[in-house]
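Let me begin by presenting the structure, written as structure tokens, before commenting on it.
Convention: sequence-line order gives letters A, B, ...; per-chain numbering from 1. In what follows, every heavy atom counts, from backbone to side chain, and hydrogens, waters and symmetry copies are set aside.
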Amino acid sequence: MATECKDYDFQKIEPHWQTFWEENKTFRTMDDTSRPKSYVLDMFPYPSGSGLHIGHPEGYTATDIVARYQWARGFNVLHPIGWDAFGLPAEQHAVKTGAHPRANTEANIKTFRRQLKALGFSYDWDREVNTTDPGYFQWTQWIFLKLFQHGLAYVDERPVWWCPELKTVLANEEVVDGRSEVGGHPVERRNLRQWVLRITAYAERLLAGLKDLDWPDSTKRMQEAWIGRSDGAEVRFKLAAPAPGELRIFTTRPDTLFGCTYMVVAPEHPLVPALTVPVQRAAVEAYRKTAATKSDLERTDLAKEKTGVFSGSHAINPVNGARVPIWIADYVLMGYGTGAIMAVPGEDQRDWDFARTFKLPIVRTVQPPADFTGEAYVEDGPAVNSANEEVSLNGLGVDAAKERISDWLERKGLGQRKVNFRLRDWLFSRQRYWGEPFPIVWVGETDYRRALAHREVPQPKDPVAYTQDGRTLYALVLPESALPLLLPEVTSYLPSGMGESPLANVTAWLEIWYDFATGAAMPASSPRPAGDTWIRARRETNTMPQWAGSCWYYLRYLDAKNARSFVGREAETYWMGSRPAVRDQSALTSSTEKNAPTDVGGYRTQGVDLYVGGTEHAVLHLLYARFWHMFLHDLGVVPQPEPFRKLFHQGIILGEDGEKMSKSRGNVANPDAVIHEYGTDALRLYLMFLGPLEAMKPWNPRGIEGVFRFLNKVWRECIGEDGRPHPKISTAATDAPELERLLHETIRKVGEDIEGLRFNTAISQMMIFVNAVQKAPTVSRRTMLAFLQLLAPFAPHLAEELWARLGEKPSILHAPWPVYDAAKLVVEQVKLVFQVNGRFRGDQLVPIGLVETEAVALARKNPRVMPHLAGKTVKKVVYVPGRILNLVVE
RNA sequence: GCCCAGGUGGUGGAACUGGUAGACACGCAGGUCUCAGAAGCCUGUGCUUAAUAAGCAUGGGGGUUCGAGUCCCCCCCUGGGCACCA
């Protein structure tokens, strides 16, 4: 079973047990749904060409410890891994080499798989997923299809980075200082037709759902800020003649309406042409042009000076009938609210700045305090100058004034209360090859109507269409049975040159006869097939972004091989759904209960039990995945609204120099090299010993010596020089009470620390224990075995080896986790600290229930305390039994 | 500018609800074993002073308290997020 090494020969031991686990499928998740479950999830990696870096094993070791701990505690554990394998680097590699990105991706996955296996992680490899596998992305396409059918996907013109020299669209990260990363060519913003997902429809729920999640507060706050809910009112301003109609604005400060002295609309606002009077036309046109070429960054970050141009028109302030000029300025963004604002320079610094620049009047409607020296006054205070014949806000605080004016506006039909979100819809297409193709074809109006009449494939209520060169095309979704829609083979991975993906060059795939009943296709170059369900169509050439596959992979793991559904109902309910709270059989009850995920009904709330990954995904990935999950919940295909109940971010590991690891700095730690020199167990242990999991911490190659010595020490305490179990370990031996106490203390501490993800202190406790064992002349076999079990989640190879060497049957993982005896932790004597005036002046072992008078008497007799009391009177005594006795003297 | 997290020995880091600051490691010094070395083991190691005695020490400055790394106020630094969001 075990190896026969005489020394701690990790190079033999580690592969030996990795083979054992693989052959015995030790970590295969059980089908037994009567067992309590634990779903321990890592953020799956993008298999890059450079292989695993040291940050991967950090988070992965943490979850591996939890997973192994949960196995030992009798849970059915789901601990899977997979590959987020679509994406830009593979495509760039393909462009460079001409080889299919699939080949490169597969080679990288192979390396990653080998490296992860060498780290001894307890993954259930039978559930491996790969986002580029047609059996997987079939369901990514399926979810998109559902989103489309429910009106949550549409097309829109959106600006992207375009490089005229390279004739391609660039991602943000490919643009450096306004030039292409490759070649350094100038880039520009260009509008392209894009797919967009209506995530904003879920804004309110995405915000509300955060409340019940066990996530880091900072992450919740980031999501809140990203969604950016603000409460206010939408108000309609009539335009002054001769301009017709009205201008709608959103404001969070309707109480300041009386202070509105001008208005601003965004340069892109559709009303701009109508508002512009002839004498201003040239100036407005010029201004619009400059604004259009500016990126968002230039419009915000760099432009501290306010710019703008007068339209020539006026609007009527609905509260006081004042004629206010309408300006056009780029400090108002078209994408937020209505793209138009009422400007109240007295209570808004941006408006103040603008008003100053263009010499516009300023009226205060909130009285600042007498000592106020600033410009715009944004704090609370009594309203002033705010009354008309029907309503007066004067004297009211901001909140009360908001209420009164909102009531009035609603009563008069001039506006209403309104909630606005900062969150924008999600740009969901890329002009790339290496991504999921959209299950969409574009057809003419007549064909679209015919297909619509054919009710087999539901289409959205409102058609998705766009017009190009005078022709309107309609988006028709493929039937489910036609999925997966595969990527066609291409001869070149270079983009089309026209702003479309390389798919636009594959004419036989692109231009087709399409059967809307079955989704079947024939190249348009061939004769039209017989049957009246065949129509002329053009496929969608965009592909989905990398986010798509990672939005739902945690669901695929539950039922990775299901060919009929993206996840089976039963598996889904068991692993993600609500179920009665697990009654914990172990003595860890108290600590477990404390962290137990329960809601008011005493039921386990749903979702992944632990999800660990970097902060870099705090907003986008986690928000997008929540959005899809909520949508699937609404479809009725998943029973719970939130995917990840508990989330944790591991901190990043810095280079030795305290700087971010990077190849150019040459401070990258290579896991393979460390494993070769010290072994996986030492690497795992060291990664966890480095500091708190969430902290950012520097890598110190010398520090690994410490944990490596610790592992050697464990070996030497278990195995004698002859390679046989160490003679000091015996079945007959009874441990000294202190050692026994320490064992129980260690069981308690390690268990609690694993649950709290405090692995560094768990390891230090195990070191303390082993140091004690080393000093003890004998140790009972039972004690040693219990300790090995505690060590097993951290250093599984060594633990398995010693467990087997001591005559136990592998795997140690399935031996029930040790239980501590609270009675063993009770002590009779405690150290009482004596203080005089709060300063340490000595200590003494005292019996546990010592009363105050006796404690004081002991202190007075203590030789170190006495000098500090000499000639003084004790004014006050503070006694905390078992802790301190503080004598306050004159 | 706004929001958040953090600042503890030569180093990584411990410290429960305010109760001996520096656990556990790294490093360093001395010792032991050895022909010698490596490994192991033992001892010491925050700073100041001859001190087992005292004083000073948790980014800086104030405060609350018998007692503050921990709580409150101001400031400095580092990291992360957001950035004209009306």
How many Å lie between [atom1] on [X] and [atom2] on [N], as a whole number?
X: Asn712(A); N: A25(B); atom1: CG; atom2: C1'; result: 15 Å
X: His868(A); N: G55(B); atom1: NE2; atom2: C1'; result: 12 Å
X: Tyr331(A); N: A86(B); atom1: OH; atom2: C1'; result: 8 Å
X: Lys876(A); N: C66(B); atom1: NZ; atom2: P; result: 4 Å
X: Phe710(A); N: C24(B); atom1: CZ; atom2: P; result: 13 Å
X: Met688(A); N: C24(B); atom1: CE; atom2: C1'; result: 16 Å
X: Met767(A); N: G13(B); atom1: CE; atom2: P; result: 15 Å
X: Glu224(A); N: C4(B); atom1: CD; atom2: P; result: 12 Å

Quick one: is [X] getting a side-chain N or O under 4.0 Å of the [N] phosphate, OP1 or OP2?
X: Asn837(A); N: G67(B); value: no
X: Arg709(A); N: G27(B); value: yes
X: Arg841(A); N: A54(B); value: yes
X: Arg839(A); N: A21(B); value: no
X: Lys775(A); N: C42(B); value: yes
X: Ser230(A); N: A86(B); value: yes
X: Gln774(A); N: C41(B); value: yes
X: His649(A); N: A5(B); value: no
X: Lys697(A); N: G12(B); value: no
X: Asn771(A); N: A25(B); value: yes
X: Arg758(A); N: A14(B); value: no

With syn defined as a glycosidic angle within 90 degrees of 0 and anti as anything else, the base of G9(B) is syn
Given the [atom1] atoms of [N] and [M], what is the spacing between them in whole Å?
N: C82(B); M: C75(B); atom1: C1'; result: 24 Å
N: G80(B); M: C71(B); atom1: C1'; result: 26 Å
N: U70(B); M: G63(B); atom1: C1'; result: 15 Å
N: G27(B); M: G10(B); atom1: C1'; result: 8 Å
N: C77(B); M: U8(B); atom1: C1'; result: 15 Å
N: G12(B); M: G59(B); atom1: P; result: 13 Å
N: G22(B); M: G69(B); atom1: P; result: 12 Å
N: C74(B); M: A21(B); atom1: C1'; result: 25 Å

With the side chain of [X] defined as its heavy atoms from C-beta on, choose the nearest nucleotide among [options].
X: Val888(A); options: C66(B), C84(B), C4(B); result: C66(B)
X: Asn886(A); options: G40(B), C66(B), U20(B); result: C66(B)
X: Phe250(A); options: C4(B), A86(B), C66(B); result: A86(B)
X: Ser218(A); options: C4(B), G12(B), A86(B); result: C4(B)
X: Arg221(A); options: G12(B), A5(B), C84(B); result: A5(B)
X: Arg702(A); options: C26(B), A83(B), C24(B); result: C26(B)
X: Asn760(A); options: G19(B), A14(B), A86(B); result: A14(B)
X: Pro692(A); options: C41(B), A14(B), U20(B); result: A14(B)

Give [X] one of three labels, base, sugar-phosphate or nothing, depending on what nucleic acid heavy atoms sit under 4.0 Å from its own.
X: Phe689(A); value: base
X: Lys660(A); value: sugar-phosphate
X: Lys875(A); value: nothing

Are any side-chain N or O atoms of [X] and backbone N or O atoms of [Y], one a donor and one an acceptor, separated by less than 3.5 Å?
X: Tyr820(A); Y: Leu743(A); result: no
X: Arg364(A); Y: Gly346(A); result: yes
X: His649(A); Y: Gly613(A); result: yes

Could you tell me whether Lys306(A) sits above the aromatic face of Phe354(A), with NZ or CZ closer than 6.0 angstrom to the six-membered ring centre and within 45 degrees of the axis? no
Between the base of C84(B) and the side chain of Lys306(A), is there any donor-acceptor pair under 3.5 Å? yes
Decide yes or no, distance alone: a donor-acceptor N/O pair under 3.5 angstrom between the base of C16(B) and the side-chain of Arg883(A). yes
Can you see which heavy atom on Leu271(A) is nearest to which on Glu246(A), and at what distance? CD2-O, 3.6 Å
Can you classify the ring geometry of Tyr8(A) versus Phe708(A) as parallel (below 30°), tilted (30 to 60°) or perpendicular (above 60°)? tilted
Which label fits Phe250(A) and Tyr336(A): parallel for a plane angle under 30°, tilted from 30 to 60°, or perpendicular past 60°? perpendicular
Checking Lys775(A) now: which residues fulfil side-chain contact (heavy atoms from CB on, under 4.5 Å) with it, not counting sequence neighbours? none
To the nearest 0.5 Å, how far apart are CG in Leu887(A) and CG in Leu885(A)? 4.5 Å
Would Glu234(A) and Thr338(A) count as having a side-chain donor-acceptor pair, cut-off 3.5 Å? no
May I ask you to check whether Asp351(A) and Tyr331(A) show a side-chain donor-acceptor distance below 3.5 Å? yes
Nearest nucleotide by nearest heavy atom, which residue falls closer to the 5' end of RNA chain B, Ile768(A) or Thr761(A)? Thr761(A)
5'-most by nearest nucleotide on RNA chain B - Ala225(A) or Gly703(A): Gly703(A)
Can you tell me which stems involve RNA chain B, if a stem is defined as three or more consecutive Watson-Crick or G-U wobble pairs, both distances under 3.5 Å? B:1-7 with B:76-82, B:10-12 with B:24-26, B:27-32 with B:40-45, B:46-48 with B:54-56, B:59-63 with B:71-75
